[in-house]
Amino acid sequence: MLLRSIAIAVTGFTIGARAFDITDLYFWQPDSSTALPTDSASLSAFLATYSVTATGVNLYAPYHTTCPESGVREAVEINDDEKEYVASRHEKTNESLKSFLERANMSNFDPKSFIDDNSKDHNISIGIAFSGGGYRAMLNGAGQMLGLDGRYEEANDKGLGGLLQSSTYLAGLSGGNWLVGSVVLNNFISINDILNGTIDIWDLTDSIFYPTTVNLYKAVKYYYLITSAIDAKKDAGFDTSITDIWGRALSYQFFDDGSSGLNLTWSKITGLSSFMDFEMPFPIVVADGRTPGEFIINQNSTVFEISPYELGSWDPSLKAFTPTKYLGSSYNNGSPNGSCYANFDNGGFIMGTSSSLFNQIILQINGYDVPSIIKSLVEKLLSIVSTAEDDIAAYEPNPFLHSEFGASERIVTNDTLYLVDGGEDGQNVPLYPLIQTSRKLDIIFAFDNSADTSENWANGTSLVKTYQRQYYPQGKGTPFPYVPSVDEFWNQGLNERPVFFGCDAKNLTTLVEYHNSTVNETDIPLLVWFSNHRISQNSNTSTFKMSYENDERDALIQNGFEVASRANLTEDSEWLTCVGCAIIRRQQERTGEAQTEECQKCFAKYCWQGDAKDAAASSVTLAAVTSAASSSALRLGSSSSSSSKKNSADFISSKSLLFYLVNAVLLLVI
Ligand SMILES: *[C@@H]1O[C@H](CO)[C@@H](O)[C@H](O)[C@H]1NC(C)=O
Ligand SMILES: *[C@@H]1O[C@H](CO)[C@@H](O)[C@H](O)[C@H]1NC(C)=O
Ligand SMILES: *[C@@H]1O[C@H](CO)[C@@H](O)[C@H](O)[C@H]1NC(C)=O
Ligand SMILES: *[C@@H]1O[C@H](CO)[C@@H](O)[C@H](O)[C@H]1NC(C)=O
Ligand SMILES: *[C@@H]1O[C@H](CO)[C@@H](O)[C@H](O)[C@H]1NC(C)=O
Ligand SMILES: *[C@@H]1O[C@H](CO)[C@@H](O)[C@H](O)[C@H]1NC(C)=O
Ligand SMILES: *[C@@H]1O[C@H](CO)[C@@H](O)[C@H](O)[C@H]1NC(C)=O
Ligand SMILES: *[C@@H]1O[C@H](CO)[C@@H](O)[C@H](O)[C@H]1NC(C)=O
Ligand SMILES: *[C@@H]1O[C@H](CO)[C@@H](O)[C@H](O)[C@H]1NC(C)=O
Ligand SMILES: *[C@@H]1O[C@H](CO)[C@@H](O)[C@H](O)[C@H]1NC(C)=O
Ligand SMILES: *[C@@H]1O[C@H](CO)[C@@H](O)[C@H](O)[C@H]1NC(C)=O
Ligand SMILES: *[C@@H]1O[C@H](CO)[C@@H](O)[C@H](O)[C@H]1NC(C)=O
């Protein structure tokens with residue numbers, strides 16, 4: 001089949017009304033010194049040199065390895081390796097944070113003694129989260145990240161430079177994870193170095209399906225290489241899904257290591273120098289569990305996180321983690337059964353998993369104005385993967401098979417673990433890993449580049465979903481500060497400037513009582529929310545816009561920088577100071593230190609001043625929700641609808657799904 005496709009390329013094909021032959025193919029070849037073999041067998045052998053080891057094994061294929069001691073552990077605390085990483089990371093962040101706070105120029109405050117004196121009891125831990133939303137989210141997020149990057153002089157002059165270096169955790173979801181994954185897997189490269197061409201990635205001028213519009217030869221090679229990678233994984237005995245195609249396709253835009261990340265795995269982050277030197281915040285990707293045919297919402301989704309060390313979920317439905325490096329291995333009841341593999345956790349595949357909603361686009365290739373040869377190559381690709389459920393990534397064998405820690409039958413009895421785009425449950429900002437109390441975060445900077453409104457702006461929906469989730473069994477034990485309803489986000493203009501939530505820990509007592517956990521109010525992180533809004537550019541491009549000219553790309557990045565920096569500190573010259581006030585807040589509350597007048601002014605300006613009664617669940621009072629959560633109607637997996645609240649939640653979810661689809665169709669029509 002593959003050879004036949006290549007043969008079509010060699011003997012002739014048509015684009016529009018015009019027929020082309022082999023001469024044209026040569027004509028288009030960029031590097032004429034490399035002669036293209038004329039018979040299809042040599043052609044495929046030639047192309048194969050791009051993707052296999054000396055022994056002829058495709059680098060994408062998982063390979064046999066010795067088994068780890070234990071395959072699955074119960075999710076009670078953070079992993080030991082992560083704990084060690086974080087401890088060493090704090091030796092970096094403590095110094096960066098001192099410089100950041102010095103620069104914040106806060107009156108009556110001595111950063112050095114504040115950090116030094118308190119560090120034996122608690123080190124300030126900062127988390128950063130980048131939402132989903134396709135390239136819009138990736139690019140706005142890139143500008144926002146640049147605005148926090150102390151390696152970029154302009155961020156130090158007129159932004160929050162140094163905050164990235166002061167952070168302990170970095171979480172990404174879907175498009176936000178294209179950003180996090182690109183940066184982290186390229187050895188924590190700075191966005192500035194991506195833009196100035198230090199590495200050759202993020203050329204978004206071509207569609208991901210037809211990467212070199214002027215060069216069919218390259219496109220054929222591209223599809224050939226994707227196909228051979230997926231064939232190789234299949235030949236090694238693994239299920240493949242559209243996510244494999246999607247992950248490979250994405251990788252061509254994110255990695256310039258010669259084979260486009262063919263053997264770059266998520267667990268290999270631990271071998272990168274910036275990780276071994278603790279220069280990067282600990283990176284975490286978010287995806288959701290969803291088996292084919294299932295429908296999930298924030299109340300009953302199982303939120304998965306994938307770190308360089310582990311994949312799994314804290315949620316009661318699973319409550320377990322497995323080593324990322326040994327994905328593809330088979331375990332029974334958590335113990336390795338002798339057949340272990342490595343190299344399954346391909347970086348592009350993990351990034352594709354978190355953004356699997358975009359799998360839809362691959363299926364729409366027939367709607368694109370692309371040469372028939374490309375269509376036939378895509379058809380060939382689709383014919384070798386399972387397309388039963390377009391948006392699902394298949395992790396087979398399921399590491400959690402017969403795992404004893406979770407409550408969800410569906411996850412632990414199936415041979416395959418099914419993961420989907422992290423935004424499918426409406427929680428489009430990857431906050432879940434960051435609000436786990438065992439991670440002990442003080443503050444989260446959340447960059448929300450979602451398309452909630454019909455004009456592709458965020459309106460707080462994602463925060464509301466995460467806030468409400470804590471009142472259902474899946475979310476119990478992970479307190480999240482009060483946030484207003486979506487209407488209030490809009491009415492109060494909270495989407496047009498950064499907002500702080502959970503400013504006063506003492507006002508969060510009701511939450512602590514509700515969760516009945518061992519945490520203190522001061523253990524609930526303060527949340528700083530930035531939503532995408534126009535400063536210098538219309539940064540509300542469609543989620544499904546799949547190609548950007550370089551100037552469009554750079555414009556979104558600039559707007560992102562301006563969102564993080566409040567227009568280069570021109571909208572508020574005290575912005576940096578106010579961020580400093582927010583960072584030290586929980587530590588001050590722990591030690592009983594009073595807030596300075598200056599910080600009180602900042603809080604008056606940036607804090608949302610609501611409490612339980614003003615919060616998003618206003619129609620579901622805390623008491624009602626608490627008792628409802630314990631009633632069977634809202635238990636996991638139940639599909640019975642017991643209140644109008646639930647119906648409206650369903651409505652919103654299906655409506656936004658419809659919105660995505662409509663967007664996708666529009667894109668295809670254009
Ligand atoms: C805080 O970090 C320092 C290293 O910078 C470490 O010595 C100290 O034990 C840490 N404190 C806590 C409470 O973990
Ligand atoms: C901060 O980390 C450095 C190591 O980089 C260490 O020498 C110092 O004691 C730490 N300070 C605190 C307050 O933990
Ligand atoms: C620091 O703040 C003081 C007022 O508190 C102000 O006079 C001074 O100019 C500020 N310095 C910088 C570098 O912004
Ligand atoms: C890009 O900028 C960095 C500084 O951030 C510099 O070290 C590097 O040389 C620049 N690279 C190019 C290709 O201009
Ligand atoms: C990928 O494979 C090539 C060839 O075997 C090897 O040189 C390279 O180091 C590998 N890259 C990674 C990230 O393992
Ligand atoms: C796994 O889940 C799929 C999709 O829901 C289903 O078709 C299949 O039968 C399940 N397999 C097992 C062993 O339960
Ligand atoms: C906010 O976003 C939600 C989810 O997309 C949408 O249903 C709602 O209409 C939006 N509200 C406003 C005021 O834009
Ligand atoms: C809180 O938790 C404790 C220990 O788990 C339990 O004994 C107690 O009944 C719980 N209280 C409420 C109100 O649920
Ligand atoms: C809560 O904080 C108080 C005062 O800082 C402390 O005495 C108490 O042990 C803390 N409780 C928990 C569960 O950490
Ligand atoms: C912010 O600074 C950049 C240059 O660093 C400039 O191009 C841009 O116009 C500035 N934006 C605003 C809103 O001042
Ligand atoms: C906390 O509660 C006090 C009194 O109940 C109120 O004045 C204050 O505004 C609240 N703070 C926030 C940030 O909501
Ligand atoms: C989640 O809840 C929704 C709405 O009640 C329901 O339609 C869906 O089947 C539930 N999904 C799971 C996995 O429980």
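Just follow the structure's listing: the first ligand is 1, and inside any ligand the first atom is 1.
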Original post:
So which bit of N192 gets within less than 4.0 Å of ligand 4, heavy atoms only: side chain, backbone, both or neither?
Top reply: side chain
**OP:** Would you check if there is a donor-acceptor pair between the side chains of Y548 and T541 at a distance under 3.5 Å?
**Re:** yes
Subject >> Evaluation steps, side-chain hydrogen bond (donor to acceptor under 3.5 Å, both in side chains), between H90 and S125 >> reply: CA-CA 8 Å; H90 280 148; S125 288; 2.9 Å; yes
Original post:
Do ligand 2 and E91 have nitrogen or oxygen atoms that lie under 3.5 Å from each other?
Top reply: yes
Original post:
Which atoms of ligand 5 are found less than 4.0 Å from any heavy atom of L59?
Top reply: 2 (O), 5 (O)
Original post:
If you count the atoms of ligand 5 from 1 in the order shown, which ones are under 4.0 Å from a heavy atom of K268?
Top reply: 12 (C), 13 (C), 14 (O)
Original post:
Quick check: does N123 get an N/O under 3.5 Å from an N/O on ligand 2?
Top reply: no
Subject >> Proximal atoms of ligand 2 relative to E95 (non-hydrogen, under 4.0 Å) >> reply: 1 (C), 2 (O), 3 (C)
Original post:
Distance below 4.0 Å between atom 11 (N) of ligand 2 and any protein heavy atom?
Top reply: yes
Original post:
Hey, are N449 and Q144 close enough side-chain-wise for a donor-acceptor pair under 3.5 Å?
Top reply: yes
Original post:
Only one of R585, R590, R586 clears salt bridge (Lys or Arg N to Asp or Glu O under 4.0 Å) with D442; which?
Top reply: R590
Original post:
Regarding N196 and T198, is there a side-chain donor-to-acceptor distance under 3.5 Å anywhere?
Top reply: yes
Subject >> For S119, atoms of ligand 2 separated by under 4.0 Å from a heavy atom >> reply: 12 (C), 13 (C), 14 (O)
Original post:
So which protein heavy atom does atom 9 (O) of ligand 2 come closest to, and at what separation?
Top reply: N94 ND2, 4.8 Å
**OP:** Name the closest protein heavy atom to atom 1 (C) of ligand 4, giving the residue it belongs to and the distance to 0.1 Å.
**Re:** N196 ND2, 1.4 Å
Original post:
Relative to the ring of F500, is the ring of F603 parallel (under 30°), tilted (30 to 60°) or perpendicular (over 60°)?
Top reply: perpendicular
Subject >> Closest approach of S329 to P397 (non-hydrogen atoms, all atoms of both residues) >> reply: O-CG, 3.4 Å
Original post:
Can a donor-acceptor pair be found between the side chains of D239 and Y395 at a distance below 3.5 Å?
Top reply: no
**OP:** Please check if any side-chain donor atom of T596 sits under 3.5 Å from a side-chain acceptor atom of N108, or the reverse.
**Re:** no
Subject >> Shortest reach to atom 2 (O) of ligand 5 by a heavy atom, considering only L262, L272, N263 >> reply: N263
**OP:** Could you tell me whether atom 5 (O) of ligand 4 has a protein heavy atom closer than 4.0 Å?
**Re:** yes
Original post:
Nearest protein heavy-atom contact for atom 7 (O) of ligand 4: which residue, which atom, what distance?
Top reply: D193 OD1, 4.9 Å
Original post:
Looking at atom 14 (O) of ligand 4, is any protein heavy atom nearer than 4.0 Å to it?
Top reply: yes
